[in-house]
Amino acid sequence: MHNIKVIRENFEEFKKIMKSRNVNFDLDSLLDLDKENRKLIQEKEILEMEKKKISKLKDKSLFSKSKEISSNIEVINNNQNLVNQKLNEILSSIPNIPLKDVPVGKDENFNKILSKHGDIKNFSFKPLSHYEIGEKLNMLDFDLATKTTGSRFVFVKGKLAALERAISNFMIDTHTQLNGYTEISPPLMATDDTMYGTGQLPKFENDQFEIKIDAKSDRKFLIPTAEVILTNMVKNQIVDLKSLPMRLVASTPCFRKEAGSYGKDTKGMIRQHQFYKVELVSIVENSNCKDELERMTNCATMILDKLKLPYRKIILSTGDMGFSAEKTYDIEVWLPSENKYREISSCSSCGTFQARRMKARYKNKNKDSNFVGTLNGSGLAVGRTLIAILENYQNEDGSIIIPDPLKPYMGNIDKISVN
RNA sequence: GGAGAGAUGGCUGAGCGGUUGAAAGCACCGGUCUUGAAAACCGGCAAAGGGGCAACUCUUUCCUGGGUUCGAAUCCCAGUCUCUCCGCCA
C-alpha cells in the first residue's frame, strides 16, 4: 500500500515509475479522488466540531440543531466513504516502488545475471530429467496423483519421500543453527485480511485456493507461501524495538492455482498446485531492509553451496518483480536435463509496503512510530531442490548419490538405487 | 454440539449515559540523588487522519458493523474472537 501523501507530492515521477512496473491504467484519477476525499473530510470535521460543542453545552434549545447537523454529517460521510473506498481500491492494486538499483525493463529479458557459482558437471551420458529418474526409481508417481487428485500433483514414495523430508530438515536446521532464524510451525490457512496484508488480495485472488469451514463462516485461503502467515505475525501491532530484527523460518506446504500458466511446465514437479517450501521472513527496522536482503540471500545460497549445486544469482527487473517487492534477487539452480538454470529461490525486500497494509509498526528511539520493513525469501523451495539433486547427482545406472550434508538425515546411506 | 463469562492504551486493569483519550499499577523515556548502579522521589508517555512553513490545531478511535440519544467505552441488535464447564474426538 502506498502513502498517498508521497504520491501526491511526486506525482509525475510516480507515474513514470509505475509505467516501468507495467501498470497500464490511468493514475490521474488518483489525484482527483484524493482531492475530493480531503475536501469532504474537512467539511465533515467542521460539522462534527459544531455538534460536539452543542452536546457539551447541554443547552436544550440547541438540540434540534444538533440533530440537523447529524443528518448533514451522515450525507457527507457516506460520500466520503465512497470516495475513500474508490481511492483505496486503486491504491491497493498498485505495486511497490522499485529501489533505485533495480534494472528498468518490462519483463524477464531485462533481468541481470549477477554471479555464477559451483561447477556444472559434465555427464558421460545424456542426463535424464527428474521425472524420468523418479519414475524409473518408482518413487515419483504422477499418474497416481492424477487418479486421486488431478493434474499438477505428485506422489513421492519411499526413499525419495525420505529425501524430500531430509532436504527440508537440513534447511531448517541450517537456518536455525547457523543463520539465527526462529523456527515456526504456522497455520496453513489465512483469513482474507491476512492475505491482503502481504498483497495476495485483492489483485491475485484467482491464484488462491479458498476454503470455508461452513457456509456461514468467513472465507479462508490455503497459504500460497509461508511468507503470508509469517509476515502477518506482526499485523495490527506496534512491535517492540528490542524484538527487531525478527527472523523466522518455516517449512510448509504451499498451494497455488497456477492460473495463467496453462501449458507451462506441465511435465514433472516443477510447477505443482501443492509443494513444500522452506521460507525465510525478516521483520526489521525499515532502514535496514537493504542489508537484510543481502543477508537473507546469502542464507539461501548457503544451502546450495553446502549441497554443491551449481547456481546463479540474478536481480529482477522492474517489470518482472512481484507485486509487493521493491527489490528481488532470484537464485536459479542448474538443471542438466534442461541445460539451463531454473528458479529455486526468490528473495525480496518489500520495504514498508506490506507493513502499511498490515499496520505493522515499531517505535524508534525517539518514540516516533514507523512502519516495519518486511522481507521474504525461499530458503529454498524443497520440491525444486529435490529435482536439482535428482538431476545433478544422477548416475548412468539410474541411481542417485546423496549429497554429504543430507546423509545424516537419511540414515547415512550413500545413494538411492532402483530396487 | 449444550450451558455460562468476557473483549478498554505496549502490558495488567478501573470506568457502565455528559467535564473520560480514558483512573491506578507495570513497562518505557528524561531529571534529582549516588563514585557508579539499584532503590526512592519529580516529570513525560496512544494511534490514525485533516489543516498549517511552523508553533500549533481540529476530527476520529475503548473487538467489528449497525441502532437508540442533543450526547455512548458505558444502553440495544448482529457478527468475530477469547475463556470456563459438560459432551465428542485426533
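The shown structure was predicted, so the numbers you read here are calculated from the model rather than taken from an experiment. Residue numbering restarts at 1 for every chain, and letters A, B, ... go by the order of the sequence lines.
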>> I'd like to know if A:Lys147 and A:Asp143 make a salt bridge, using a cut-off of under 4.0 Å between side-chain N and carboxylate O.
In response: no
> Can you tell me how far C1' in B:C62 sits from the matching atom in B:G2, rounded to whole Å?
Replying inline: 32 Å
> For the pair made of CG in A:Leu57 and C1' in B:U69, what is the distance, rounded to whole Å?
Replying inline: 17 Å
> Starting at NZ of A:Lys35 and ending at C1' of B:G51, how long is that distance when rounded to a whole Å?
Replying inline: 16 Å
>> Please report the distance, rounded to the nearest Å, between CZ in A:Arg361 and P in B:G9.
In response: 13 Å
>> Is it the case that the base of B:G49 and the side chain of A:Glu45 share a donor-acceptor contact (distance under 3.5 Å, atom types as modelled)?
In response: yes
> Does any non-hydrogen side-chain atom of A:Leu27 lie less than 4.5 Å from one of A:Ile94?
Replying inline: yes
>> Can you measure A:Glu43 atom CD to B:C58 atom C1' for me and round it to whole angstrom units?
In response: 15 Å
>> Any carboxylate oxygen within less than 4.0 angstrom of a Lys/Arg side-chain nitrogen, looking at A:Arg342 and A:Glu391?
In response: no
>> Just to be sure I understand the rule, does A:Lys44 reach a base, reach only the sugar-phosphate, or reach nothing, if contact means heavy atoms closer than 4.0 Å?
In response: nothing
> How are the rings of A:His273 and A:Phe153 set to each other: parallel, tilted or perpendicular (split at 30° and 60°)?
Replying inline: tilted
> Any idea which of B:A48, B:C70, B:U60 is nearest the A:Lys52 side chain?
Replying inline: B:U60
> Rounding to a whole Å, what distance do you find between A:Ile73:CD1 and B:C70:P?
Replying inline: 14 Å
> Roughly how far apart, to the nearest Å, are B:C75 and B:G15 at atom C1'?
Replying inline: 15 Å
> Taking the side chain of A:Ile238 as its heavy atoms from C-beta onward, which of B:U60, B:G10, B:C70 lies nearest to it?
Replying inline: B:G10
> If you check every side-chain atom of A:Glu48, which of B:G50, B:U60, B:G71 has the closest atom?
Replying inline: B:U60
>> Measuring only the C1' atom in each nucleotide, how far is B:G36 from B:U20? A whole number of Å is fine.
In response: 43 Å
> Given B:C70, B:C58, B:U60, which nucleotide is nearest the side-chain atoms of A:Met49?
Replying inline: B:C58
> Is any side-chain N or O of A:Ser369 closer than 4.0 Å to OP1 or OP2 of B:A46?
Replying inline: no
> Checking all strands, does A:Ser66 fall into the base, sugar-phosphate, or nothing category for heavy-atom contacts under 4.0 angstrom?
Replying inline: sugar-phosphate
>> I'd like the P distance from B:G52 over to B:U69, given in whole Å.
In response: 37 Å
> How far, in whole Å, is B:A23 from B:G10 if one measures between their P atoms?
Replying inline: 14 Å
>> With a cut-off of less than 4.0 Å, is there a side-chain N or O of A:Lys67 near OP1 or OP2 of B:C70?
In response: yes
>> Between A:Glu292 and A:Arg247, does any side-chain N to carboxylate O distance fall below 4.0 Å?
In response: yes
> With sugar-phosphate meaning primed atoms plus P, OP1 and OP2, does A:Lys359 contact a base, only sugar-phosphate, or nothing at under 4.0 Å between heavy atoms?
Replying inline: nothing
> How long is the line joining CD of A:Gln42 and C1' of B:U57, in whole Å?
Replying inline: 13 Å
> Ion pair present between A:Lys35 and A:Asp32, side-chain N to carboxylate O less than 4.0 angstrom?
Replying inline: no
> If you measure from the P atom in B:U8 to the same atom in B:G4, how many Å do you get, rounded?
Replying inline: 23 Å
>> B:G71, OP1 or OP2 - any side-chain N/O from A:Lys51 closer than 4.0 Å?
In response: yes
>> Nearest whole Å is fine: how far is B:G18 C1' from A:Ile54 CD1?
In response: 15 Å
> For RNA chain B, whose closest nucleotide is more 5', that of A:Phe63 or that of A:Ser55?
Replying inline: A:Ser55
>> Only Watson-Crick and G-U wobble pairs with both distances less than 3.5 Å should count. Give RNA chain B in dot-bracket notation, marking inter-strand partners with |.
In response: ((((((((.[[[..)..(.....]]].(((((.......))))).((((((....)))))).[[[[[..)....]]]]])))))))....
> For A:Ser70, which contact category applies under a 4.0 Å heavy-atom criterion: base, sugar-phosphate, or nothing?
Replying inline: sugar-phosphate
> For atom P, what is the distance between B:G21 and B:C26, given to the nearest Å?
Replying inline: 25 Å
>> Tell me which pairs pass ring pair (Phe, Tyr, Trp, His ring centres under 6.0 Å) where either residue lies in residues 342-374 of chain A, with sequence neighbours left out.
In response: A:His2-A:Phe353, A:Phe323-A:Phe353
>> So if I apply the salt bridge (Lys or Arg N to Asp or Glu O under 4.0 Å) rule between A:Asp101 and each of A:Lys112, A:Lys327, A:Lys290, which one comes out positive?
In response: A:Lys327
>> I want to verify a distance call: between B:C28, B:A48, B:G51, whose nearest atom is closest to the A:Arg38 side chain?
In response: B:G51
> Do A:Phe275 and A:Val382 have side-chain heavy atoms sitting under 4.5 Å apart?
Replying inline: no
>> Between B:A73 and B:G17, how far apart are the two C1' atoms, rounded to whole Å?
In response: 11 Å
> Between B:A48 atom P and A:Met358 atom CE, what is the distance in whole Å?
Replying inline: 15 Å
> Base, sugar-phosphate, or nothing for A:Lys5, non-hydrogen atoms under 4.0 angstrom?
Replying inline: sugar-phosphate
> A:Ile97 pairs by side-chain contact (heavy atoms from CB on, under 4.5 Å) with which of A:Glu326, A:Arg21, A:Met18?
Replying inline: A:Met18
